[in-house]
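Just the heavy atoms: all of them, side chains too, but no hydrogens, waters or symmetry mates, feed the values below.
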Amino acid sequence: MESLNRMALELVDEAIDFAEELNVAAYELDSEATVLDFGVETDGGVEAGLLLAELQTAGLATVQTRMDEVAGAPLQYVELSTDHPALALLCSQKAGWELGVEGFEGLGSGPARALVAEEEEFQRVGYTDTFEFAVLAVESDELPGDEVAEHVADLTGVETGSVFLPTFSTASLTGSVNVASRVGELAAFRLTELGYDPLDIVSVSGSAPVAPVAGDDETAIGRTNDALAYGGRAHLTVREEFDRFDELPSTAAEEYGTPFEQFFDDADWEFEEIPASVFAPAKVTVDVVGGPTHVLGATDEELLAESFGL
């Protein structure tokens, strides 16, 4: 497989070329790094969120919307499918880079993580990227500056002018769309955390409702995670049977049924204090090639309706 960052760079160029149509903005910092505002000071939108999800998966996934319902209310859903789940989801889309630089706080996802390759996913998959450009999507309520760009450049080993930082707030339409695209990644990550070989996951598809845009980041983080854990559905095709598939959906967690805003409040907004088992799709189908099909979990439209204010 060629460089994930090279493939993502083509999508960055597309975002820059069509910035006006996407309701996003791109500008160069003093350090010559490029920031793309996908939904912090700009409106962003549905198409921006879809393109950002494609960028985060280095173009190795198909992303689209459809109409469905939650508790009788018509809502948009995001669907993402990939036949390269180990690379697209675990080595690229996963939000695994915590950015705390000079007072800036954000969460990084995308292929720049593969240039560092220090997270366990990269050892499990056996992949490290080498490229002269770094593309890191940043989830934050503020836009990154030169200090963040220099930090990313230092860790990825590229020139600062070769760093691209598409950035969005969770409390934006881009954010709601983008987080909804992560159902498949949650399923793949949860399964590998249970001990399954990521290279035995053949294909992953996921679908989740787009949470109504909240007025603040804390409410938005709660709603978008509820959309995944209580409304997200995933389908996985895998090579080998496994005795822990029943632990894959969020319904397997003892804490299932608690809105995420309450989880975060109780944990004083420390992500690591929240049980990892709740970060999973609500309902999952696992097809074992040449073997059985497992249907696990259930969605909770009542909780979603309350979370979404429907």
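- Residues Asp83 and Ser203 are in side-chain contact: their nearest non-hydrogen atoms beyond the backbone lie under 4.5 Å apart.
- Hydrophobic clustering (ILVMFWY, side-chain heavy atoms < 4.5 Å, transitive): Phe104 and Val163 are in one cluster.
- Distance alone, capped at 3.5 Å, is enough to place a donor-acceptor pair between the Thr192 side chain and the Phe189 backbone.
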Requested in this report: Run the numbers on Leu22 and Thr42 for side-chain contact (heavy atoms from CB on, under 4.5 Å), then give the verdict.
Outcome: CA-CA 10 Å; Leu22 291 166; Thr42 64; over 6 Å; no
**Report entry** salt bridge (Lys or Arg N to Asp or Glu O under 4.0 Å) between Arg124 and Glu193, worked out
**Finding:** CA-CA 10 Å; Arg124 293 170 182 166; Glu193 285 290 283; 2.8 Å; yes
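- Side-chain N or O atoms of Asp154 include none that pairs as donor or acceptor with a backbone N or O of Glu150 at under 3.5 Å.
- Within the 4.5 Å cutoff, no side-chain heavy atoms of Met7 are placed close to those of Glu54.
- Residue Leu136 is grouped with residue Val101 when hydrophobic side chains (ILVMFWY) are merged at heavy-atom distances under 4.5 angstrom, including chains of intermediate members.
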Query raised in the report: Could you walk me through whether Gln93 and Thr82 pass the side chain to side chain donor-acceptor pair (under 3.5 Å) check?
Result: CA-CA 12 Å; Gln93 188 187 28; Thr82 179; over 6 Å; no
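- For the residue pair Thr160/Glu32, the side-chain donor-acceptor check at 3.5 Å is not satisfied.
- For Asp226 (side chain) and Phe260 (main-chain N/O), a donor-acceptor pair under 3.5 Å exists by modelled atom type.
- Annotation: Glu132, atom CD; neighbour count of heavy atoms from other residues, nucleotides and ligands within 6.0 Å is above 12.
- Between the side chain of Ser3 and the backbone N or O of Asn5, at least one donor-acceptor pair lies under 3.5 Å.
- Summarising the geometry, atom OG belonging to Ser307 is positioned 12.0 Å from atom CD belonging to Gln262; distances are rounded to the nearest 0.5 Å.
- A distance of 9.0 Å separates OG in Ser162 from CG in Leu9, rounded to the nearest 0.5 Å.
- Taking OG from Ser250 and CG from Leu228, the interatomic distance works out to 9.5 Å, rounded to the nearest 0.5 Å.
- Residue Asp246 comes nearest to Leu296 through the heavy atom pair CA-CD2, 4.1 Å, listed as atom of the first residue, atom of the second, then distance.
- Summarising the geometry, atom CZ belonging to Phe131 is positioned 11.0 Å from atom CG belonging to Leu4; distances are rounded to the nearest 0.5 Å.
- Within a 6.0 Å radius of CD in Glu28, other residues, nucleotides and ligands contribute more than 12 heavy atoms.
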Donor-acceptor pairs are to be reported for all side-chain atoms of residues 279-292 against protein atoms at under 3.5 Å, with residues two or more places apart or in another chain.
| unit_1 | atom_1 | unit_2 | atom_2 | d |
| --- | --- | --- | --- | --- |
| Asp287 | OD1 | Thr293 | OG1 | 2.6 |
| Asp287 | OD2 | His235 | NE2 | 2.7 |

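- Contact record, Ala95 with Arg182: CB-NH1, 4.3 Å, taken as the closest heavy-atom pair.
- With a 4.5 Å cut-off on side-chain heavy atoms, Glu142 and Glu105 do not count as touching.
- With hydrogens and angles disregarded, a donor-acceptor distance shorter than 3.5 Å links the side chain of Arg223 to the backbone of Pro212.
- Two residues are said to be in side-chain contact when any heavy atoms from C-beta on lie closer than 4.5 Å; Gln76 and Arg66 fail this criterion.
- Connection of Leu248 to Val238 is established within a shared hydrophobic cluster, with ILVMFWY side chains joined at heavy-atom distances below 4.5 Å, either directly or through further cluster members.
- Put simply, the side chain of Tyr77 reaches to within 4.5 Å of the side chain of Val70, judged on heavy atoms.
- With rounding to the nearest 0.5 Å, the separation of NE2 in His84 from CG in Leu90 is 14.0 Å.
- Taking the six-membered ring for Trp and thresholds of 30 and 60 degrees, Tyr256 and Tyr230 have ring planes inclined between 30 and 60 degrees apart.
- Although no hydrogens or angles enter the test, the distance criterion places a donor-acceptor pair under 3.5 Å between the side chain of Ser92 and the main chain of Gln56.
- Tested against Ser169, the residues Asp37, Asp217, Asp141 include a single side chain to side chain donor-acceptor pair (under 3.5 Å) partner, Asp217.
- Linking Ile, Leu, Val, Met, Phe, Trp and Tyr whenever their side-chain heavy atoms come within less than 4.5 Å leaves Leu80 and Val183 in two separate clusters.
- Other residues, nucleotides and ligands contribute only 12 or fewer heavy atoms inside 6.0 Å of the CD atom of Glu302.
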Query raised in the report: side-chain contact (heavy atoms from CB on, under 4.5 Å) between Val35 and Leu29: does it pass, once the steps are laid out?
Result: CA-CA 7 Å; Val35 172; Leu29 299 173; 3.8 Å; yes
Report task. Show the numbers, then the answer: is there a side-chain contact (heavy atoms from CB on, under 4.5 Å) between Val152 and Trp97? Result -> CA-CA 10 Å; Val152 172; Trp97 188 333; 4.1 Å; yes
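- For the atom pair Leu194 CG and Glu247 CD, the distance stands at 5.0 Å (nearest 0.5 Å).
- Pairing each heavy atom of Thr251 with each of Gly297, the nearest pair is OG1-CA, 3.2 Å.
- The closest side-chain heavy-atom distance from Leu51 to Phe18 is not below 4.5 Å.
- Considering all non-hydrogen atoms of both residues, Ala305 and Ala71 come closest at CB-CB, 3.8 Å.
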Requested in this report: Take Glu79 and Gln64 through the test side chain to side chain donor-acceptor pair (under 3.5 Å) and record every step on the way to the result.
Outcome: CA-CA 5 Å; Glu79 296 180 337; Gln64 60 189 15; 3.1 Å; yes
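- A pairwise comparison of heavy atoms in Pro259 and Leu303 identifies N-CD1, 4.3 Å as the closest pair.
- By the 4.5 Å heavy-atom criterion applied to side chains, Ser140 and Leu99 are not counted as neighbours.
- Residues Asp200 and Phe242 form no side-chain contact, since every pair of their non-hydrogen atoms from C-beta on lies 4.5 Å or further apart.
- Other residues, nucleotides and ligands place more than 12 heavy atoms under 6.0 Å from the CD atom of Glu69.
- Residue Lys94 is tested with Glu120, Glu185, Glu121 for a salt bridge (charged side-chain N to carboxylate O under 4.0 Å, His left out); the sole match is Glu121.
- For Glu255, the CD atom sits in a packed shell: over 12 heavy atoms of surrounding residues, nucleotides or ligands are nearer than 6.0 Å.
- Ring orientation note: the planes of Tyr196 and Phe245 are tilted relative to one another, at an angle of 30° to 60°.
- Looking at residues two or more places apart in sequence or on another chain, you find a side-chain contact (heavy atoms from CB on, under 4.5 Å) between Leu50 and Val46, Glu47, Val63, Thr65, Val78, Val177.
- For Thr167 (side chain) and Leu165 (main-chain N/O), a donor-acceptor pair under 3.5 Å exists by modelled atom type.
- Between Cys91 and Arg113, the closest heavy-atom pair is C-NH1, 3.4 Å.
- In terms of modelled atom types and a separation under 3.5 Å, the side chain of Arg233 and the main chain of Ser207 share no donor-acceptor contact.
- Under the 4.5 Å side-chain contact rule for hydrophobic residues, Leu186 and Leu191 do not share a cluster.
- For the pair Arg239 (side chain) and Leu199 (backbone), a donor-acceptor distance under 3.5 Å is present.
- Atom CD of Glu254 is surrounded by 12 or fewer heavy atoms from other residues, nucleotides or ligands within 6.0 Å.
- Judged purely by atom type and a 3.5 angstrom limit, Asp129 has no side-chain atom pairing as donor or acceptor with the backbone of Pro111.
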